[in-house]
Structures are given as C-alpha cells and as structure tokens.
Number of protein chains: 2
Amino acid sequence: MAKPSKENTPITEHLAYLLAQANREINRQLELRLSKEGVPVEQWRILKVLSDGDGHSMGELAEAVLLNHPTLTKMIDRMVSDTLVYRVQDPNDRRKVLMFISDRGKVLCKKLNSLAVDQEEHILESYGDKSTSELKRLLESLIDSSN
Amino acid sequence: MAKPSKENTPITEHLAYLLAQANREINRQLELRLSKEGVPVEQWRILKVLSDGDGHSMGELAEAVLLNHPTLTKMIDRMVSDTLVYRVQDPNDRRKVLMFISDRGKVLCKKLNSLAVDQEEHILESYGDKSTSELKRLLESLIDSSN
DNA sequence: TTGAAAATATTGAATATTCAAGAATTGAAG
DNA sequence: CTTCAATTCTTGAATATTCAATATTTTCAA
C-alpha cells in the first residue's frame, strides 16, 4: 500500500488558504460598510486602538493594527492631515512618538464602531452564535500557539 | 440596567481582526518556507491550481488564487518569463486565455508542495490535530455562509 | 564619561497593487 | 445581418507598500 501523501492536497484544503479566503471575504464586507464613511479598515483599527485615550507609540500601534512600520507612518500622516489623530513626542523617551486620538477622531470612531457591529451581527445571523464563538476561540488559540 | 453595547469591544475580539491576525501569522510562516525557493505564496497557489494539467482562464485563476485581475496578469507575465507557465488562446472563446503549467513549473511545484506540507505538519504538532481539523471545518462553513 | 551598539521613527527609491480605460471577441436583440 | 451591450483580458497612470538607508535618542559597557 502506497504511503499516504499530502503533497497533492488541493489548495482549498490548506489551512493557509482557508484563512486567506475567509479573511478576504470578511474584510471585503467590512470594507464595504466602512466605505460609507470613506475610511479604510486599517484606519478604523488605528482609531479603535487609540480610543482608550492613552498615548501609543508607533511601534506599539504598528504591531496592534498589523501594519509594518513605514506603511503606518504614511497612513498616520494622512490621518493627521484629516485631524483624526495627532503626534506628541514621548517626554520619557524622545525617540518615541505618542499617538493620540482627536475629538473628531472619537466622533468618527463611534460611527465606524456601529457599522462594524452591524457586520458582526450580520455574521451572527447567517453563521450562527455557536459557530462564531467557537471559531473565535480556535483562532485565538492558533495565534497563541504561533508565538 | 444599561443596554449591553458591543460598540466598545476591543479590536482583538472582532472576528475580522482575529482572522486578519491568524492569516498574517500563518502566511508569514509559509512565506518563510517558500522563500527557500524564492517564490511568493501567490505563485505557489497559481502553480498548484494549474498542476491539474488543464487550461484555466485568467478569470478562473484570479478567483481561485485570491488576486484581482490586473495583479494576476502582471504576476503571470513574470512567471511566463521564468517559463513556469504559458499562455494559450482558448480556441472556443478567443477572448479567453488559457494558462498551463510547464514542466519546469511542475518540478518547482513539487518542491514547494513539500515545503508547504512541512508547515502544515508543524502546525499540527504545535496546535493539535483536533483543533486544526475543527478550525478548517468552521472556516469552510464561514466561507460558505458568506456567499 | 565616552563611545559603540541598540531602539525608534521617518524618508526616498524601488516595487507592487489598484483603478479606470481600452482592445478584442462574443452574444443577442431588433 | 447588423449593431449594441456584455465578457474577457491587458495596459498605463495613480496610489500604496516595502526595503534599505538615515537621523535621533537611549543604553550600556569599558
């Protein structure tokens, strides 16, 4: 009997592919909702992270919103132009820049949050409560086990 | 009692974010392995889809490998230069181009497959057999329910 | 204290992706 | 048949991302 081989598994059965596909689909839906306010998903993430009111360094932010450093810098430049966020030099470590959300940013963030909640509710409806929370649990644990 | 609100759920609890994070992590690992052969993940996907030996139109391919049309065209241009794949005009519908994998492409694809299998096995080890198949199942069903 | 190494953020050039327009072919209605 | 809309793919310009290099500040060992 031949040794069972996984080498010609169709692409659609690879975990990496399923994740990419699901991510693409969910992201597309979210993008569609947020486009009502003309804001890309990454900017919503940034606003959401900053909305705790604390100052976050660029490095911290980049990690949290899944962007690499130079990309974040340029996106923040745009958001500063739009007066959604602002930079403050960290007094304790002057290499760092602390990012803060502005009042305008807070207002926008609230609107975006409710658009995002709409989507999550839509997913809950079509996909189910149980599946959703189970999926979240598994994803968290996958992420954990990858570090 | 206040109405329970999901509007200030931390970003890390959103399904869209968890998917993005997991996708990023797994993709990074896969990228690292495939970089041994100097091939981006998307090219591996293309080779894998074409490795059934049939001709696939650009539209079909774009859908299958999660790239939009112009991006795919340009990536295919590179792969044609590298003689990994080749174009044939579809005799039944001359608007279409059918893509085929070359012999050189097949050889490369085999090497890439085994690198990818390495990764899947690594995931199985650290994450577990049960979790992996359960996660795959849930992802498939999420993708289904999104169409 | 000094000087070298590490950490942090930005910049500019190279590369890649996307959007909108174009070219070729097919389908289908009049 | 003819013409007009739809489909398929490619192209070029605009935009975004990435890589490598730079500037600044901090850390730490000698």
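So that the names make sense, note that chain A is the first sequence line, chain B the second, and so on, each numbered from 1. Atoms considered below: every heavy atom in the structure, side chains included; atoms not considered: hydrogens, waters and symmetry mates.
If you take CG of A/Asn92 and C1' of D/dT24, they are 17 Å apart, rounded to a whole angstrom. Going from atom CG of A/Leu66 over to atom P of D/dT17 covers 13 Å, rounded to whole Å. Spacing between atom CD of B/Gln89 and atom P of C/dT26 amounts to 8 Å, rounded to whole angstrom units. Remark: C1' of C/dT18 and CG of A/Asn27 are 15 Å apart, rounded to the nearest angstrom. Spacing between atom CG of B/Asn68 and atom P of C/dT18 amounts to 5 Å, rounded to whole angstrom units. Remark: P of C/dT25 and CG of B/Leu98 are 15 Å apart, rounded to the nearest angstrom. The nearest whole Å value for the distance from the CD atom in B/Glu42 to the P atom in C/dT18 is 10 Å. Atom CD in B/Glu60 sits about 17 Å away from atom P in D/dT7, given to the nearest Å.
In the hydrophobic clustering of this structure, A/Ile26 groups with A/Leu142; members are Ile, Leu, Val, Met, Phe, Trp, Tyr whose side-chain heavy atoms approach within less than 4.5 Å, directly or through other members.
In terms of heavy-atom proximity, B/Leu67 sits nearest to B/Met75 at CD1-SD, 4.0 Å.
Checked for salt-bridge contact, A/Lys36 and A/Asp118 miss the test: no charged N lies under 4.0 Å from a carboxylate O. Ion pair A/Glu140/A/Arg137 not flagged as a salt bridge, since none of the NZ, NE, NH1 or NH2 atoms sits closer than 4.0 Å to an Asp/Glu carboxylate oxygen.
Nearest nucleotide to the B/Thr73 side chain, out of D/dT10, D/dG12, C/dT8: D/dT10. Proximity note for A/Lys74 (side chain, C-beta onward) versus C/dA9, D/dA13, D/dT17: the nearest is D/dT17. Nearest nucleotide to the A/Asp93 side chain, out of D/dT26, C/dT17, D/dT18: D/dT26. Distance from the side chain of B/Val97 is smallest to D/dT10 among D/dT10, C/dA9, C/dA24. Picking from C/dG12, D/dC9, C/dA9 the nucleotide with the shortest atom distance to the side chain of B/Lys96 gives D/dC9.
Checking the phosphate oxygens (OP1, OP2) of D/dT25, no side-chain nitrogen or oxygen of A/Arg95 falls inside 4.0 Å. OP1 or OP2 of D/dT8 has not a single side-chain nitrogen or oxygen of B/Arg87 nearer than 4.0 Å.
Between the side chain of B/Lys136 and the main chain of A/Glu13, a donor-acceptor pair closer than 3.5 Å is present.
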